[in-house]
Amino acid sequence: MMLTAIVLSAATLAFGSITTYTGSDDGASTTGPWPNSSAAQATFLGAAGSTSLLTFESLATGFYSPINAAPGVTITLNAPNIGCYYSGICNGTYGNLYGFNVTTGGANWLGFPEGSATFSFATPITAFGMWITGVQTVFTSTFTLTFNDGMSQTLNLPINVNGGTSYYGFTDSASFSSITITNLSNDAWGIDDVSYSSQSTVPEPSSLMLLGSGVIGLAGLLRRKLMQ
């Protein structure tokens with residue numbers, strides 16, 4: 001009985017505390033500037049610590065799945081192939097109402113209108129951020145990011161009125177191994193410059209001491225009760 005109680009208490013520590021970072025430049029051009037999105041990215045990166053960056057620049061263009069995006073990172077598309085500059089790894093654009101590249105000196109970005117993309121990580125992560133381009137309210141009413149960090153989580157992503165850019169990132173006190181981004185509308189949009197981090201989620205020494213003292217105290221109470 002005592003062991004069961006301790007395990008249940010420890011399990012609650014796996015549920016994450018989520019902090020989001022977002023900024024939008026509604027109607028901004030494909031070449032910028034994007035001051036609000038850039039500020040949100042900078043704040044997110046400061047909170048996330050050491051991150052890896054996925055720009056899609058080294059990947060073959062075209063629609064295919066799964067996408068081996070980086071060592072230990074796989075993207076599975078569940079969306080129709082609408083064609084060049086809409087779906088899959090794209091390297092051109094029809095303008096700021098569509099998906100476009102935000103990487104300095106780059107060209108590639110990822111699009112998947114009318115569907116979803118699942119990012120899977122061999123090493124669990126605790127932070128994820130991305131640029132979102134071309135999303136419009138005239139087409140898109142629901143745009144979500146889902147994952148499981150010990151419990152099911154759904155985050156609502158920003159939707160611009162007139163395309164342009166947004167940045168969305170979040171940190172989590174618990175780790176997770178995959179996320180799914182879903183936009184089922186026929187909006188033509190894209191994501192680029194994805195940052196992710198696998199920072200340790202081990203409790204700080206002071207937290208461990210408090211947890212340890214709590215377990216010892218619980219064991220002592222149970223022992224005294226049994227001796228009565």
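One-based numbering along the sequence shown. Worth knowing before you read on, the calculation uses all heavy atoms, side chains too, and leaves out hydrogens, waters and symmetry mates.
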Novice: Start with the C-alpha distance between Thr74 and Phe121, add both sets of side-chain angles, then the distance that settles side chain to side chain contact (heavy atoms under 4.5 Å, CB included), and finish with yes or no.
Specialist: CA-CA 7 Å; Thr74 302; Phe121 301 90; over 6 Å; no
Novice: Would you kindly say whether Thr103 and Asp193 are connected by a side-chain donor-acceptor distance under 3.5 Å?
Specialist: yes
Novice: Out of curiosity, Asn36 CG to Thr22 OG1, how far, rounded to the nearest 0.5 Å?
Specialist: 9.5 Å
Novice: CG/Asn81 to OG/Ser65 distance, rounded to the nearest 0.5 angstrom?
Specialist: 11.5 Å
Novice: What pair of heavy atoms forms the shortest contact from Phe56 to Ile191, and how long is it?
Specialist: CE1-O, 3.8 Å
Novice: Could you tell me if the side chain of Thr51 sits less than 4.5 Å from the side chain of Leu45, heavy atoms only?
Specialist: yes
Novice: Look only at the side chain of Gln136 and the backbone of Asp187, and say whether a donor-acceptor pair between them is shorter than 3.5 Å.
Specialist: no
Novice: Would a 4.5 Å heavy-atom cut-off, applied to side chains only, mark Ile75 and Leu77 as touching?
Specialist: yes
Novice: Keeping Asn160 on the side-chain end and Val135 on the backbone end, is there a donor-acceptor pair under 3.5 Å?
Specialist: no
Novice: Does anything in residues 134-160 form a ring-ring contact (aromatic ring centres under 6.0 Å, His included)? List the pairs, not counting sequence neighbours.
Specialist: Phe143-Trp189, Phe147-Phe170, Phe147-Phe176
Novice: Give a yes or no answer on whether the side chain of Asn162 reaches the backbone of Asp26 with a donor-acceptor pair at less than 3.5 Å.
Specialist: no
Novice: When rounded to the nearest 0.5 angstrom, what is the spacing between CG in Asp149 and OG in Ser173?
Specialist: 7.0 Å
Novice: Hey, is the main chain of Gly27 close enough, under 3.5 Å, to the side chain of Asn96 for a donor-acceptor pair?
Specialist: yes
Novice: Minimum heavy-atom separation for Ser195 to Phe44, with atom names?
Specialist: CB-CE2, 4.0 Å
Novice: Which pair of non-hydrogen atoms, one from Tyr196 and one from Val73, has the smallest distance, and what is that distance?
Specialist: OH-CG2, 3.4 Å
Novice: Are Leu110 and Ile132 connected in the hydrophobic side-chain network, where two residues link if heavy atoms are under 4.5 Å apart?
Specialist: yes
Novice: What pair of heavy atoms forms the shortest contact from Ser166 to Ser24, and how long is it?
Specialist: OG-OG, 2.7 Å
Novice: Say you draw a straight line from CG of Asn108 to SG of Cys90; how long is it, rounded to the nearest 0.5 Å?
Specialist: 8.5 Å
Novice: Which ILVMFWY residues can you reach from Tyr85 by hopping between side chains whose heavy atoms are under 4.5 Å apart?
Specialist: Ile82, Tyr86, Tyr94, Leu97, Tyr98
Novice: Is there a side-chain contact between Gln153 and Leu145 in this structure, where contact means two heavy atoms from C-beta onward sitting under 4.5 Å apart?
Specialist: no
Novice: Please tell me whether Tyr167 and Leu54 are part of a single hydrophobic cluster in this structure, the criterion being side-chain heavy atoms less than 4.5 Å apart.
Specialist: no
Novice: So, Thr133 side chain and Gly190 main chain: donor-acceptor pair closer than 3.5 Å or not?
Specialist: yes
Novice: Do Thr126 and Thr171 have side chains that get closer than 4.5 Å, going by heavy atoms?
Specialist: no
Novice: In Å and rounded to the nearest 0.5 Å, what is the CG to CD1 distance from Leu59 to Ile67?
Specialist: 7.0 Å
Novice: Is it true that a side-chain atom of Trp34 and a backbone atom of Ser29 form a donor plus acceptor pair closer than 3.5 Å?
Specialist: yes
Novice: Show your working on ring pair (Phe, Tyr, Trp, His ring centres under 6.0 Å) between Phe119 and Phe128 and close with a plain yes or no.
Specialist: CA-CA 10 Å; Phe119 287 69; Phe128 183 90; 5.6 Å; yes
Novice: About how many Å separate OG of Ser52 and CD1 of Ile125, when rounded to the nearest 0.5 Å?
Specialist: 9.5 Å
Novice: Locate the shortest heavy-atom distance separating Ser37 from Thr165; write the atom from each residue and the value.
Specialist: OG-OG1, 3.0 Å
Novice: Would you find a donor on one side and an acceptor on the other, under 3.5 Å apart, between the side chain of Asn148 and the backbone of Met151?
Specialist: yes
Novice: Less than 4.5 Å apart, any side-chain heavy atom of Leu157 and any of Ile159?
Specialist: no
Novice: Would you check if the distance from the ring center of Trp109 to the ring center of Trp131 is below 6.0 Å?
Specialist: no
Novice: Quick one: does Glu114's side chain get under 4.5 Å of Asn183's, heavy atoms only?
Specialist: no
Novice: Show your reasoning for whether side chain to side chain contact (heavy atoms under 4.5 Å, CB included) applies to Thr146 and Ile179.
Specialist: CA-CA 6 Å; Thr146 58; Ile179 67 164; over 6 Å; no
Novice: If the condition is side chain to side chain contact (heavy atoms under 4.5 Å, CB included), which residues does Ser178 pass it with, not counting sequence neighbours?
Specialist: Thr118, Ser120
Novice: Looking only at the side chains, is there a donor atom on one of Thr140 and Ser185 sitting less than 3.5 Å from an acceptor on the other?
Specialist: yes
Novice: Okay, side chain of Thr76, backbone of Pro66: is any donor-acceptor separation there less than 3.5 Å?
Specialist: no
Novice: Which pair of non-hydrogen atoms, one from Pro124 and one from Ser177, has the smallest distance, and what is that distance?
Specialist: CG-OG, 3.7 Å
Novice: Under 3.5 Å, is there a donor-acceptor pair between the side chain of Ser197 and the main chain of Ser50?
Specialist: yes
